[in-house]
Amino acid sequence: ELAIFWLLTFVYFSIETSKKLQVLFLRANKLTDADFVAMSGPLKNNTTIKVLDISSNQELSSKSLEALADILNGNRSIEYFGLSKLSLTT
């Protein structure tokens with residue numbers, strides 16, 4: 001769990017500060033709604049990311065869909081969202 005915490009901290013910082021990050025694969029990283037919601041602010045404001053893949057994160061629910069909608073409303077640079085193999089619940 002500590003390794004996941006540090007990974008997510010690094011990802012959050014990278015999304016927020018990187019001027020070159022274009023592809024972000026977060027497949028099968030045991031992301032929770034809280035993780036994705038926390039990343040949604042920086043993702044919404046990042047203008048360099050073209051590809052975001054959150055496939056195979058089974059813990060995501062409708063809260064993450066709301067965050068995804070918020071990202072899509074604010075970020076026009078993302079061209080591809082990977083959403084396969086999600087067990088979205090309401």
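The figures that follow rest on heavy atoms only: side chains count, while hydrogens, waters and symmetry mates do not.
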Work out which heavy atom in [X] is nearest to a heavy atom in [Y]; give both atom names and the distance.
X	Y	result
Lys30	Asn57	N-OD1, 3.1 Å
Leu8	Met39	CD2-CE, 4.3 Å
Leu21	Ser18	N-OG, 2.9 Å
Ala38	Tyr12	O-CE1, 3.0 Å
Lys85	Gln58	O-NE2, 2.6 Å

Does the side chain of Ser40 pick up a donor-acceptor pair with the side chain of Asp70 at under 3.5 Å? no
Would you say the side chains of Glu59 and Thr32 form a donor-acceptor pair under 3.5 Å? no
Considering residues, nucleotides and ligands other than Phe81, do more than 12 of their heavy atoms fall under 6.0 Å from its CZ? yes
[X] side chain vs [Y] backbone, donor-acceptor pair below 3.5 Å:
X	Y	value
Thr48	Gln22	no
Asn46	Ile15	yes
Asn29	Arg27	yes

Linking I/L/V/M/F/W/Y whenever their side-chain heavy atoms sit closer than 4.5 Å, directly or via other members, would Leu72 and Leu86 fall into one cluster? yes
Quick check for you: to the nearest 0.5 Å, what is the distance between Leu52 atom CG and Phe25 atom CZ? 9.5 Å
Min side-chain heavy-atom separation Ile49-Leu43 under 4.5 Å: yes
